[in-house]
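Please read the structure below before turning to the comments.
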Amino acid sequence: MLLSFYNPDVLGDVLIVELANDAGITQGTAQKDNVVRIFNEKNDEAIGFNFFGLGEKLGIENDSGQIFLDDEQVNVLNDALAQAGFSDKLVADKSPKFVIGHVDEMKAHPDSDHLHITQTDVGLDKPVQIVCGAPNVDQGQLVVVALPGAVMPTGKEIWPGELCGVDSFGMICSARELGIPNAPQKRGILVLDHGTAGQAFDFEEAKKLFN
């Protein structure tokens, strides 16, 4: 996982890199040169970095928001880590975070009157479990799934979690949550009429859905 954010108007020339969900984690920090390492105090695992003064070198000085780093840019960050004396090494994350999913199985949540537990094929080795509360979710549907590491149009980050005590990996999305223009402003997931499980969701094509 490698999420990157840059907002020079608010934070200055600082690239924020996230590697893992930090919810419930006791964090420690260590700064060397122009790099701050954020880590899990329990096991010293890196969960993020702040890189200072690299906007121009990365070619992002005029950008703002989520940054999708390529291999060359990640190499720049790894050079900065090495020069600062950190042994961590970053890898570019090119996997799509919004994909088409197929709801293979669905059953009612035992502790909820509206949630359902799905087994959804997202193109991985096996289906993933996603808890969904949409009234129109059903077995056999093609849907849009925000996988862990996805950033919604609202800025919300998607991580594995629990809903009413049941593990959930990602989120099955509505058109409204995906920020599709003219999407219905009501509850209900977006159901597609074609696509393949694991295929990257095409946001540009999706803009035609509600014209």
Side-chain angles (χ1 to χ4, degrees), residues 1-101 122-125 128 130 144-161 167-171 173 177-179 198-203:
M1 201 76 65
L2 194 154
L3 297 177
S4 303
F5 303 91
Y6 189 71
N7 190 335
D9 293 336
V10 175
L11 301 174
D13 190 1
V14 183
L15 178 71
I16 298 171
V17 173
E18 298 180 16
L19 305 178
N21 187 5
D22 62 358
I25 291 176
T26 302
Q27 297 181 14
T29 62
Q31 181 165 3
K32 298 180 182 180
D33 296 338
N34 65 337
V35 181
V36 175
R37 181 179 188 263
I38 302 126
F39 58 92
N40 184 337
E41 284 195 341
K42 185 176 181 179
N43 57 17
D44 194 42
E45 180 179 335
I47 56 177
F49 294 92
N50 292 338
F51 294 90
F52 295 85
L54 291 181
E56 184 175 356
K57 193 170 185 179
L58 291 167
I60 62 172
E61 67 270 25
N62 296 317
D63 296 335
S64 184
Q66 186 176 10
I67 305 297
F68 297 92
L69 299 170
D70 59 25
D71 289 329
E72 185 175 341
Q73 291 169 316
V74 171
N75 286 338
V76 170
L77 299 184
N78 282 328
D79 286 343
L81 287 171
Q83 289 172 14
F86 289 115
S87 60
D88 306 272
K89 192 173 181 63
L90 304 178
V91 178
D93 186 353
K94 301 177 183 178
S95 61
K97 297 298 184 252
F98 293 91
V99 301
I100 295 175
V122 294
L124 300 178
D125 293 339
V128 298
I130 302 177
V144 182
V145 176
L147 294 173
V151 180
M152 305 302 292
T154 60
K156 176 183 178 182
E157 298 175 22
I158 303 299
W159 298 104
D167 290 340
S168 186
F169 187 88
M171 182 175 76
C173 305
E177 290 167 330
L178 293 167
Q199 174 185 341
F201 179 63
D202 189 335
F203 278 87

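All values derive from a computational prediction rather than experimental measurement. Values reported hereafter were calculated over all heavy atoms of this structure, with side chains retained and with hydrogens, waters and symmetry mates removed. The first residue in the sequence is number 1, and the count goes up from there.
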Test side-chain contact (heavy atoms from CB on, under 4.5 Å) applied to Tyr6 and Asn62, Asp13, Val17, the passing residue:
Asp13

Under a 3.5 Å distance rule, please check whether Glu45 uses its side chain to pair with a backbone N or O of Asn40 as donor and acceptor.
no

Phe49 pairs by side-chain contact (heavy atoms from CB on, under 4.5 Å) with which of Val36, Leu77, Leu90, Leu2?
Leu90

Would you mind reporting whether Asp9 and Ser64 have side-chain heavy atoms less than 4.5 Å apart?
no

Residues that Asp125 engages under side-chain hydrogen bond (donor to acceptor under 3.5 Å, both in side chains), provided they are two or more places apart:
none

Measuring only between side-chain heavy atoms, which start at C-beta, is Phe98 closer than 4.5 Å to Val145?
no

Go through it in stages, so that I can follow the logic: the residues are Ile16 and Leu11, the test is side-chain contact (heavy atoms from CB on, under 4.5 Å), and I'd like the CA-CA distance, side-chain angles, deciding distance and then a yes or no.
CA-CA 10 Å; Ile16 298 171; Leu11 301 174; 3.5 Å; yes

side-chain contact (heavy atoms from CB on, under 4.5 Å) evaluation trace for Ile158 with Leu147:
CA-CA 7 Å; Ile158 303 299; Leu147 294 173; over 6 Å; no

Applying side-chain contact (heavy atoms from CB on, under 4.5 Å), run through Val128 and Ile130 and close with a yes or a no.
CA-CA 6 Å; Val128 298; Ile130 302 177; 4.0 Å; yes

Pair Asp44 + Arg37: basic N to acidic O under 4.0 Å
yes

I want to check something: taking the side chain as every heavy atom from C-beta on, are Asn50 and Ile38 in contact at a cut-off of under 4.5 Å?
yes

May I ask you to test the Met152-Glu157 pair for a side-chain heavy-atom distance under 4.5 Å?
no

To the nearest 0.5 angstrom, please state how far the CZ atom of Phe68 sits from the CG atom of Leu3.
8.5 Å

So, the side chain of Asn34 versus the backbone of Phe52: is there a donor-acceptor pair under 3.5 Å, distance only?
yes

Residue pair Phe5, Val151: steps toward the side-chain contact (heavy atoms from CB on, under 4.5 Å) verdict:
CA-CA 11 Å; Phe5 303 91; Val151 180; 3.8 Å; yes

Rounded at 0.5 Å granularity, tell me how far CZ in Phe39 sits from CD in Gln27.
9.5 Å

If I take atom CE from residue Met1 and atom CD1 from residue Ile47, how far apart are they, to the nearest 0.5 angstrom?
13.5 Å

Residues that Asp93 engages under side-chain hydrogen bond (donor to acceptor under 3.5 Å, both in side chains), provided they are two or more places apart:
Ser95, Lys97

For the atom pair CG (Asp33) and CZ (Phe51), what is the distance rounded to the nearest 0.5 Å?
12.0 Å

Is any side-chain heavy atom of Lys57 less than 4.5 Å from a side-chain heavy atom of Gln73?
no

Would you compute the distance between atom CD1 of Ile60 and atom CD1 of Ile67 and round it to the nearest 0.5 angstrom?
5.0 Å

Mind checking the CD-CD1 spacing from Gln199 to Ile100? Nearest 0.5 Å is all I need.
4.0 Å

Please work out which of the three classes, parallel, tilted or perpendicular, describes the rings of Phe203 and Phe201, given edges at 30° and 60°.
perpendicular

Residue pairs involving residues 59-72 (criterion salt bridge (charged side-chain N to carboxylate O under 4.0 Å, His left out); sequence neighbours excluded):
Asp71-Lys94

